[in-house]
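The figures here come from the full heavy-atom set of this structure, side chains too, leaving out hydrogens, waters and symmetry mates. Whatever order the structure lists ligands and atoms in, that order sets their numbers, starting from 1. Please read all numbers here as calculations on a predicted model, not as lab measurements.
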Amino acid sequence: MNALKAQITEIFSSVQGEGIFVGARQIFVRFKRCNMACEFCDTPNEGTAKEYSSTVLMYEIKALDGSNGPHHSVSLTGGEPLVYAEFLKSTLPLLKKAGFKSYLETNGTLPDSLESVIDFIDIVAMDFKLPSSTGGRAYWKEHLEFLKIAARKKVFVKSVVTTDTKKEDIEKAVRLIRTVNKKIPFIMQPATPVKDFDKRPGENRLLEFLDIALKEKIENSRVIPQVHKILGVK
Ligand code: SF4
């Protein structure tokens with residue numbers, strides 16, 4: 001793979017559907033590939049991608065902003081954008097120079113890659129991958145290291161919750177946030193059904209999770225669904 005190019009599946013203008021910037025108009029740059037394989041993933045690794053250089057990507061972003069702007073920020077999403085850390089190192093300064101804010105959507109498992117680009121990131125939308133939600137291994141060590149770096153900028157943490165999510169994982173997540181800074185917002189996002197997968201937790205379970213976070217004094221705790229799916233936008 002050429003480190004100065006990235007595989008990108010789509011570039012489009014829409015509204016942010018998750019987290020504390022929900023409803024904000026953004027340009028989305030969707031990177032192909034991820035280092036994880038979550039059960040509830042709605043953006044799998046397959047799909048047609050084109051190879052972009054920083055220059056060509058910037059050209060497309062500026063054209064989209066000209067036709068659909070102004071935009072709140074440019075969302076770097078995926079897949080996992082930090083798989084392309086070298087590419088981001090050359091692209092993010094160009095984005096800043098052109099006057100765009102960068103919004104990184106990340107699974108929060110690649111702290112070294114974040115460290116290499118954090119100076120040029122404005123907002124970090126970081127996932128905590130709860131093992132009982134993803135069906136995979138725990139990433140607490142990586143998440144803690146990652147969150148400490150991300151906390152140099154504006155950051156919030158988001159966790160997808162399903163019918164399988166255990167209370168202990170919510171407790172661990174909030175304790176970890178408190179270790180870094182209890183003012184960091186924590187968003188619990190009920191899993192949206194995809195294909196054969198439908199594990200949306202019920203109201204009581206959601207309230208129970210929210211109460212755990214609030215009792216642990218994470219005062220900016222919220223339950224927010226994927227709003228773009230409800231709006232029917234991309
Ligand atoms: S980290 Fe995100 S993009 Fe990667 S598999 Fe999980 S849900 Fe999909």
Any salt bridge linking [X] with [Y]? Criterion: basic side-chain nitrogen under 4.0 Å from a carboxylate oxygen.
X    : Y    : answer
E18  : K229 : no
E216 : R175 : no
D169 : K167 : no
R33  : E80  : no

Could you list the atoms of ligand 1 found under 4.0 angstrom from a heavy atom of [X]?
X    : value
N107 : 1 (S)
K129 : 1 (S), 2 (Fe), 6 (Fe), 7 (S)
G79  : 3 (S)

- Message: Is E80 close enough to touch ligand 1? Criterion: a residue heavy atom under 4.0 Å from a ligand atom.
- Response: no
- Message: atom 8 (Fe) of ligand 1 and C34: any N/O/S contact shorter than 2.8 Å?
- Response: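 No, outside the cut-off.
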- Query: If hydrogens are left out, which of G108, G136, C41 has an atom nearest to atom 8 (Fe) of ligand 1, that is, the closest non-hydrogen atom?
  - Reply: C41
- Sort out for me which residue in L88, I149, T106 forms a side-chain contact (heavy atoms from CB on, under 4.5 Å) with L114.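 The side-chain contact (heavy atoms from CB on, under 4.5 Å) with L114 is passed solely by I149 among L88, I149, T106.
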